[in-house]
Amino acid sequence: MSTAPKANHTIDDIYALPDGERAELIDGQMYLMAPPNTRHQRMAGELFGVIREYIRKNKGQCEVFVAPFAVFLNANHKTYVEPDVCVICDRDKITEQGCDGAPDWIIEVVSPSSYHRDYFVKLFKYKAAGVREYWIVDPDKKRVMVYDFANESGNEYTFSDWVHSVTLEGLEIDLAEIGRGL
């Protein structure tokens, strides 16, 4: 999707978008977002469902949200993102408008239009903002990059692997099951 030409946008520009049009704002740069395809939505929905069920079953204090859900990473209103899935364990960050501050865990499902943003721009932005765990799920490559920012580590998994969450201790996700039917 195209990028708006000026780089000093604010959250007011996001709120002024026509109904149905979505964008993210990173350091004042607005990125228009294409509607996700069915495969993308299935993947995000499956991950959300597994995480939500784990939190409920274990009576966890964290909450999981699926896009569109507003995340305001900085207090300056120049960075606003809508992660595909995010987990927030500090309930004081959750407001009626979304999340003020960094979620503990963010999952982005890569789309052709978001590839560069997910793998590069957001990777560094999320790390700098204090996100603990970041997953980049790439359905085309059938892989998941898992970044544990707290321990400065990153690992690559395939859709035949099991992955452990850093944020939700004890949660293991079967990527083969999540990727089935794609």
Establish whether [X] and [Y] are linked, either directly or via other cluster members, by ILVMFWY side-chain heavy-atom contacts under 4.5 Å.
| X | Y | result |
| --- | --- | --- |
| V121 | Y115 | yes |
| I26 | F149 | yes |
| V50 | V166 | no |
| F48 | I178 | yes |
| L123 | V71 | yes |

Between K141 and V110, does the side chain to side chain contact (heavy atoms under 4.5 Å, CB included) criterion hold? Intermediate values first, please. CA-CA 10 Å; K141 295 182 179 177; V110 175; over 6 Å; no
Are any side-chain N or O atoms of [X] and backbone N or O atoms of [Y], one a donor and one an acceptor, separated by less than 3.5 Å?
| X | Y | answer |
| --- | --- | --- |
| N151 | S153 | no |
| E24 | E82 | yes |
| D118 | E108 | no |
| R91 | Q61 | yes |
| D104 | C89 | yes |
| K93 | P103 | no |
| D90 | D92 | yes |
| T158 | S160 | yes |

Quick one: does [X]'s side chain get under 4.5 Å of [Y]'s, heavy atoms only?
| X | Y | answer |
| --- | --- | --- |
| F159 | V144 | yes |
| E156 | D138 | no |
| D13 | L25 | no |
| H40 | D84 | yes |
| R143 | I136 | no |

Going from CE on M30 to CG on L32, what distance comes out if it is rounded to the nearest 0.5 angstrom? 7.0 Å
To the nearest 0.5 Å, what is the distance between CG (D100) and CD1 (I94)?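 Output value for this atom pair is 10.5 Å.
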Nearest heavy atoms of H164 and W135, plus distance in Å: O-CZ2, 4.2 Å
Looking only at heavy atoms, which two atoms of G179 and M43 are closest? And how far apart?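 Scanning both residues completely, I find the closest heavy atoms to be CA-CE, 4.2 Å.
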Using ring pair (Phe, Tyr, Trp, His ring centres under 6.0 Å) as the criterion, point out the one residue from Y126, W105, Y119 that pairs with Y134.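 Of all the options given, the one that passes is Y126.
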Mind running side chain to side chain contact (heavy atoms under 4.5 Å, CB included) on K127 and Y147 for me, showing each step along the way? CA-CA 9 Å; K127 181 178 181 180; Y147 296 94; over 6 Å; no
Look at the aromatic rings of Y15 and F72 and report parallel, tilted or perpendicular, splitting at 30° and 60°. tilted
Less than 4.0 Å between a side-chain N and a carboxylate O, is that true for E53 and R56? no
Worked check of disulfide (SG to SG under 2.5 Å) between C86 and C99: CA-CA 10 Å; C86 66; C99 177; over 6 Å; no
Of V163, V137, I173, which is the lone residue that meets side-chain contact (heavy atoms from CB on, under 4.5 Å) with Y157? V163
